[in-house]
2 protein chains.
Amino acid sequence: MAIEIKISLNEGIYLRDPQDSALGRNIIKHSILLIEDIGFESFNFKKLAQEMKSTEASIYRYFENKHLLLIYLVSWYWEWVAYLIKINTLNIDDPKRKLEIIINSFVSASADNPTTDYVDESKLHSVIISEGLKVYHTKEVDEENGKGFFKNYKELITMVAGVITEINPSFEYPYALASNLFEMSNDHIYFAKHLPRLTDIKVGENKYSEVEKMLNYFATNLLR
Amino acid sequence: MAIEIKISLNEGIYLRDPQDSALGRNIIKHSILLIEDIGFESFNFKKLAQEMKSTEASIYRYFENKHLLLIYLVSWYWEWVAYLIKINTLNIDDPKRKLEIIINSFVSASADNPTTDYVDESKLHSVIISEGLKVYHTKEVDEENGKGFFKNYKELITMVAGVITEINPSFEYPYALASNLFEMSNDHIYFAKHLPRLTDIKVGENKYSEVEKMLNYFATNLLR
DNA sequence: TTTAAATAATAGTATAACTATCATAATAAA
DNA sequence: TTTATTATGATAGTTATACTATTATTTAAA
């Protein structure tokens, strides 16, 4: 039996909730696969429609444009990582241990997945690593932030910052460290794969243990 | 007297070197202003041509497309930061002091500028902060990296990694720390302006001293 | 079983991202 | 100074993207 998580996302992101229909779930499923395959710039609703044997017009009933679809996918990921962290730290008291679990979730969320059948978490992770930053690097960032489109990310970071403050209440940069650990995780996986001279770590096929080790090293040394 | 730096960039990036003609320098000048104004997604060669009172076709004789123009601008920035670091650390021996200067150059390259008249360094810095990541977050990254389009970045990071190793030869992540300091500098200026709940620092109008302080804190504590 | 809602099929528009051609202006070579 | 060369401008055209609109058909709800 697959555990079905209903992820709660800001309603402004979509026109019609894709989780609520077979077509909607199909849009999510195939958009992850197609973006992973051809990249966000080449991706469009016409190609997506062909891929999933539907039509452009049908997809436009769910999302205003591909940018909002990407926000949806990235928000889904943020929410899902937050969920993973929550269940994996439920009966953990030691904040240092909690932070280790957080870092493990950032790095290899894809591995230990409580699968949602229409989301390939591993491929979604690849999409986040390659395209995730694009959701808030736009001229519309303030407007979209005002509509709450990045709420899931901010809540995730706030939660992590809380754990950091538990470890060391006098640490001055809990939010910056939290967001940096998340970004660094994605950046250095990407660097290891594409621009190896920008990092020191190596990654194998979905084997990110060196990234994890590095992030733990950074966190530990900053918080001691 | 304005000091004119001739920045050396990979020839594959452009069709005709923009530094060599008035039109070319105008393309660089106005592309920085226009991208800063309307963002890279809305930016195109037609609008740029209107802005600078030239034609689309003329611009296409310098750059194949807007993506390569962005690579040019970002490479120019990387090279310029490397140059700034070089002249500002010329007679400095202490590597710790060198790293402080590096961090200062990352954060406020725009401030102490040896101006090139067709480049508004302060606006270019804004463009880098908002759009810089997009140059290597594409499906063509491996191909373009193979052509040497990101060489300036890799060289900059290598130089910084060298200073880090001078400070602490047993530190395991000199490249990762170097690239992270650069990325973090841009990220947290951006966060402070647009997504303040992702950071702890505040920035004023081109006043980035808190970012600088934070980066120095991170570097010092990781390298001690 | 009727009605409403969702999806498909198709067509159409505006803009983006180019390419091609020719005229003209500026520069360099003869 | 004349001529050849090259750079730029003016204009037009092509293909693809990012949508919107309309109508038909299927599916689900009352």
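Each chain gets a letter, A, B and so on, in the order the sequences are listed, and its residues count up from 1.
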N/O donor-acceptor pair under 3.5 Å between A:Glu11 side chain and A:Asp17 backbone: no
B:Ser58 side-chain N/O to D:dA7 phosphate OP1/OP2 under 4.0 Å: no
Spacing of A:Phe43 atom CZ relative to D:dA16 atom P, expressed in whole Å: 19 Å
Candidates D:dA10, D:dC19, C:dA17 - which lies nearest the side chain of A:Glu56: D:dC19
B:Tyr175/A:Phe191 aromatic ring centres below 6.0 Å: no
Residue A:Leu23, side-chain atoms from C-beta onward, closest of C:dT7, D:dA10, C:dA17: C:dT7
A:Tyr62/A:Tyr72 aromatic ring centres below 6.0 Å: no
Side-chain N or O of A:Ser21 closer than 4.0 Å to phosphate OP1/OP2 of D:dA28: no
Atom-to-atom span, CD of A:Gln50 to P of C:dT10 - whole angstrom: 14 Å
Closest-nucleotide 5' rank along DNA chain D - winner of B:Ala57 and B:Arg16: B:Arg16
Side chain to side chain contact (heavy atoms under 4.5 Å, CB included) partner of B:Ile35, the single match among B:Lys66, B:Glu131, B:Lys123: B:Glu131
Contact list for DNA chain D against residues 59-67 of chain A - heavy-atom distance below 4.0 Å: A:Tyr60, A:Glu64, A:Asn65, A:Lys66
Separation of D:dG9 C1' from B:Ile27 CD1 (nearest whole Å): 13 Å
Length of the line joining B:Phe40:CZ and C:dA16:P, which is rounded to integer Å: 14 Å
Gap between atoms CG and P, on B:Leu15 and D:dT8 respectively (whole Å): 13 Å
Nearest-angstrom distance from the residue atom CG of A:Asp20 to C1' of D:dA28: 15 Å
d(NZ, B:Lys47; C1', C:dA17) in whole Å: 13 Å
B:Ser54-B:Asn26 side chain donor-acceptor pair, cut-off 3.5 Å: no
Value in whole Å for how far the C1' atom of C:dT10 lies from CZ of A:Phe45: 19 Å
Would you list the atom pairs, donor with acceptor, under 3.5 Å between side chains in residues 136-144 of chain B and any protein atom, with sequence neighbours excluded?
| from | atom 1 | to | atom 2 | distance (Å) |
| --- | --- | --- | --- | --- |
| B:Tyr136 | OH | B:Glu183 | OE1 | 3.3 |
| B:Tyr136 | OH | B:Glu183 | OE2 | 2.7 |
| B:His137 | ND1 | B:Leu133 | O | 2.9 |
| B:Thr138 | OG1 | B:Glu140 | N | 3.1 |
| B:Thr138 | OG1 | B:Val141 | N | 3.4 |
| B:Lys139 | NZ | A:Glu36 | O | 2.8 |
| B:Asp142 | OD1 | A:His194 | ND1 | 2.7 |
| B:Asp142 | OD2 | A:His194 | ND1 | 3.3 |
| B:Glu144 | OE2 | B:His67 | ND1 | 3.4 |

Ionic contact status for A:Glu41 with B:Lys134, cut-off 4.0 Å: no
